[in-house]
Amino acid sequence: MPSSIATCYHVLQSCTLNTPLFTDIVTKINISTASIRARKISLSLSATYPSPITQTTTNDLNFEDRATRFRIKGLVHRITTLSSSNSKTQMLQILEKDPEFQTISDFNLLLMALVIAQELDICLSIFAKLPSFQLVPDCCTHSIMIRCHCEKNDMDEAKRALDTALGKGFRPDAATFTVLINSLCKRGRVNKAREVFEAMGRNGYKGSVQAKNCLLKGLSYVGKVDEALEMLMGMKGTSLEPDVYSYTAVMDGLCKVGRSGEAMELLDEVVGMGLVPSVVMFNTLIQGYSREGRPMEGAAVLELMKEHECVPDCVSHNTVLHGLLKWNEVLAALGVYKEMVGLGLKVDVRLMGTLARRLCKRSRRKNSLLQDAYDVFEKMKERGPVVDQRTFEVMIQALCVGKRFDQAFATLNEMVRLGYSPEAITFDKVILGLCARGRVDDAVSTMVLLHASGGIPSKISYDMLIKELNEEGRLFCARNLFGSALKLGVVPNREPRLNVMGWEEPQVTRIC
DNA sequence: GTAGGGTTAG
């Protein structure tokens, strides 16, 4: 009989590892792990698929163990595949055959993996089939199922599952209660969450700061910030002493209703208590000031962080940048952007787009900003096809205003090559600019480009080009252009010049 | 020696 590891290899090899489904599940597992467990564990399946999540792990599930990872991964994959064709009988056969899945512990691992992979219906059906394996759910199984119902947004069922577990004499630990309380709070059912918290006390649990923090956040979420503040103050001096999370939750609540000043006072209190404020706490304040229309004070928090030996992260900077742009503090935003680039921090591409457009607009008054705008724009392009149509157009038009027609012409071509259909006015500006510089051929090719991208050149562009061609004596070309305008339903004001004899030019020499 | 809990932006 092959060893379990060999079996797992066999199983995995029988699956197509690179199928989208497989990749999707692995990705889902990784993503939900990050969100569900506050980055404590990583289901990094890097043995076969490199994960972007690289945190160290403290999980007891021991996903570091290759065999366990493979076993669960293979099973989740196979079961998911079967589920889509409703082959539940086959699913049970798979589980029955697998010598690794015989005890309730084995199933708990599988059920938890399914919850993390968001395969909740499969989780429920396997749970329902446990008796057919002669297995009885234990305390851990019940906790996992409570979580499963929470993830499914079926809070009443989650509460029933908790009551069932308690009724059977199990004593789920505080973490299980916290999951339920948190889910209720996230859905705005704070009163129900409070009931569960109180039920903890009745059942002999001491409660937990984590659960209390969920209530603080829940109260803030439903607009009861003062109640949250009161609860926070009430925690002081009790066995559930507030921690940095508690304060952050309430500060966030205050910031969201325009009370950033009070949130800042809480920061002082935190420091006074000897707690170390976290980067999240500062980021909350930045967001508060930015919302309130006080973006410069938000930016000042970056300095405050440094005073507290807290290193601002990507969120800090992006939040400051967003606030400054929102309230049109363009120069300050540029400063923060440059600082971020210098620090190697990843700037949100949408913010880069906004910054580039704002700088373009400002460059009319202050020419030097055009280069800054172009630098931001170029940096955006390095990120891949992320530049939106509007940013392209604003950039091209600003380049025209700044008389940088080479770049305008090249960027317009690039835009069309990427499949965008720029507005006719963008072409007009480039065509007029090129004509003014005597670059008639480039102007003509810009018009051809516009036509090729499905647009109709404007009368003003035709007029300008026909005028230039007339002046250069390229009368055949002017006539062609005039003719193509008429075909498109545009009647230029300027007509192609006849030659000196009043005859039509013969088809010779230059072709447009 | 079964899993797993709370905070920030866009």
Side-chain angles (χ1 to χ4, degrees), chain A residues 32-33 35-41 43 58-63 65 68 72 103-116 123 135 137-148 150-151 172-183 185-186 193 197 200 205 207-218 220-221 228 240 242-253 255-256 263 266 270 277-288 290-291 298 301 305 312-323 325-326 346-354:
Chain A
S32 35
T33 303
S35 58
I36 290 170
R37 268 203 86 180
R39 299 185 179 83
K40 269 194 180 170
I41 73 165
L43 262 176
T58 58
N59 62 313
D60 301 317
L61 186 57
N62 197 15
F63 278 104
D65 175 49
T68 310
I72 293 176
T103 68
I104 191 65
S105 279
D106 298 330
F107 275 86
N108 288 344
L109 288 172
L110 174 62
L111 292 172
M112 195 58 220
L114 287 166
V115 171
I116 291 172
C123 179
L135 290 172
D138 62 7
C139 188
C140 176
T141 321
H142 285 289
S143 292
I144 293 167
M145 296 319 293
I146 290 166
R147 182 179 204 125
C148 179
C150 289
E151 296 286 330
D173 59 13
T176 302
F177 280 89
T178 308
V179 167
L180 184 55
I181 290 168
N182 193 27
S183 291
C185 287
K186 276 185 182 164
F197 187 82
M200 281 178 86
Y205 293 88
S208 71
V209 183
Q210 287 97 326
K212 200 95 181 179
N213 290 346
C214 294
L215 292 176
L216 291 174
K217 193 181 167 199
S220 298
Y221 176 67
L240 298 181
D243 61 10
V244 171
Y245 290 80
S246 324
Y247 276 91
T248 306
V250 178
M251 285 164 76
D252 188 44
C255 287
K256 283 195 164 68
L266 286 182
V270 166
S278 67
V279 67
V280 177
M281 185 172 263
F282 285 110
N283 292 349
T284 302
L285 278 170
I286 294 173
Q287 169 68 356
S290 296
R291 262 172 193 266
V301 173
M305 290 172 83
D313 62 5
C314 247
V315 176
S316 326
H317 283 93
N318 276 311
T319 310
V320 168
L321 186 56
H322 181 244
L325 287 169
K326 184 176 174 187
K346 196 172 179 185
V347 186
D348 184 304
V349 281
R350 285 163 301 180
L351 295 180
M352 289 173 82
T354 309

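All chains are named by letter (A, B, ...) in the order of the sequence lines, taking the proteins before the strands, and each is independently numbered beginning at 1. The structure displayed is predicted, hence computed values, not measured ones.
- Put simply, CD1 on A:Ile181 is 14 Å from P on B:dG5, counting in whole angstrom units.
- Rounded to whole Å, atom P of B:dT7 lies 18 Å from atom CE of A:Met305.
- Not counting sequence neighbours, the partners of A:Val244 by the side-chain contact (heavy atoms from CB on, under 4.5 Å) test are A:Thr248, A:Leu275, A:Ser278, A:Met281.
- A donor-acceptor contact under 3.5 Å is not formed by the side chain of A:Thr284 with the base of B:dT8.
- The side chain of A:Thr248 approaches B:dT7 more closely than any other nucleotide in the set B:dA3, B:dT7, B:dG6.
- Here A:Asn182 lies in heavy-atom contact (under 4.0 Å) with sugar-phosphate atoms only.
- Of the possible polar contacts, one joining the A:Tyr205 side chain to the A:Pro172 backbone as a donor-acceptor pair under 3.5 Å is found.
- Residue A:Ala174 is classed as a base contact, given a heavy-atom separation below 4.0 Å to a base.
- Nucleic acid contact for A:Ser290: none, since no nucleic acid atom lies under 4.0 Å from a heavy atom of the residue.
- When distances are taken from the side chain of A:Ser143 to each of B:dT7, B:dG6, B:dA3, the shortest belongs to B:dA3.
- A:Lys186 comes within contact range of no nucleotide atom at all, as no heavy-atom separation falls under 4.0 Å.
- Side chain of A:Asp106 to backbone of A:Thr103: a donor-acceptor contact under 3.5 angstrom is found.
- Side chain of A:Asn213 to main chain of A:Tyr245: no donor-acceptor pair is present (N/O by atom type, distance under 3.5 Å, no hydrogens or angles).
- Nucleotide B:dA9 holds its C1' atom 15 Å from the NZ atom of A:Lys346, rounded to whole Å.
- Contact annotation for A:Cys214: backbone-only contact, meaning every heavy-atom pair under 4.0 Å involves sugar-phosphate atoms and none involves a base.
- Looking at heavy-atom distances under 4.0 Å, A:Thr176 makes contact with a base.
- We find that OH of A:Tyr247 is positioned 18 Å from P of B:dT8, with the value rounded to whole Å.
- Applying the side-chain contact (heavy atoms from CB on, under 4.5 Å) rule to A:Asp313 yields the partners A:Val279, A:Asn283, A:Val315, A:Ser316; only residues at least two apart in sequence or on another chain are considered.
- Between A:Gln287 and B:dT7, a side-chain N or O to OP1/OP2 separation shorter than 4.0 Å is absent.
- Computed from coordinates, the A:His317 NE2 to B:dG10 P distance equals 16 Å when rounded to whole Å.
- The listed nucleotides are B:dG5, B:dT8, B:dA3; the one nearest the side chain of A:Arg147 is B:dG5.
- In the set B:dT8, B:dA3, B:dT2, B:dT2 carries the atom at the smallest distance from any side-chain atom of A:Asp138.
- Spacing between atom CG of A:Leu216 and atom P of B:dT8 amounts to 12 Å, rounded to whole angstrom units.
- The phosphate of B:dA9 (OP1 or OP2) has no side-chain N or O of A:His322 nearer than 4.0 angstrom.
- Evaluation of atom-type donor-acceptor distances gives no pair under 3.5 Å for the side chain of A:Asp313 against the base of B:dT8.
- Applying the 4.0 Å criterion to OP1 and OP2 of B:dA9, one finds that A:Arg350 has every side-chain N and O outside that range.
- One can place CG of A:Leu351 at 9 Å from P of B:dG10, the figure rounded to the nearest angstrom.
- Residue A:Thr178 places no side-chain atom within donor-acceptor reach of the base of B:dG6, judged by atom type and a 3.5 Å distance cut-off alone.
- In this entry the distance linking NE2 of A:His142 with P of B:dT2 reads 17 Å, nearest Å.
- Among the nucleotides B:dG5, B:dA3, B:dG10, the one closest to the side chain of A:Ala175 is B:dG5.
- When all heavy atoms of A:Asp243 and A:Val209 are compared, the closest pair comes out as OD2-CG1, 3.6 Å.
- Among the atoms of the strands shown, only primed sugar atoms or phosphate atoms (P, OP1, OP2) are found under 4.0 Å from some heavy atom of A:Lys217.
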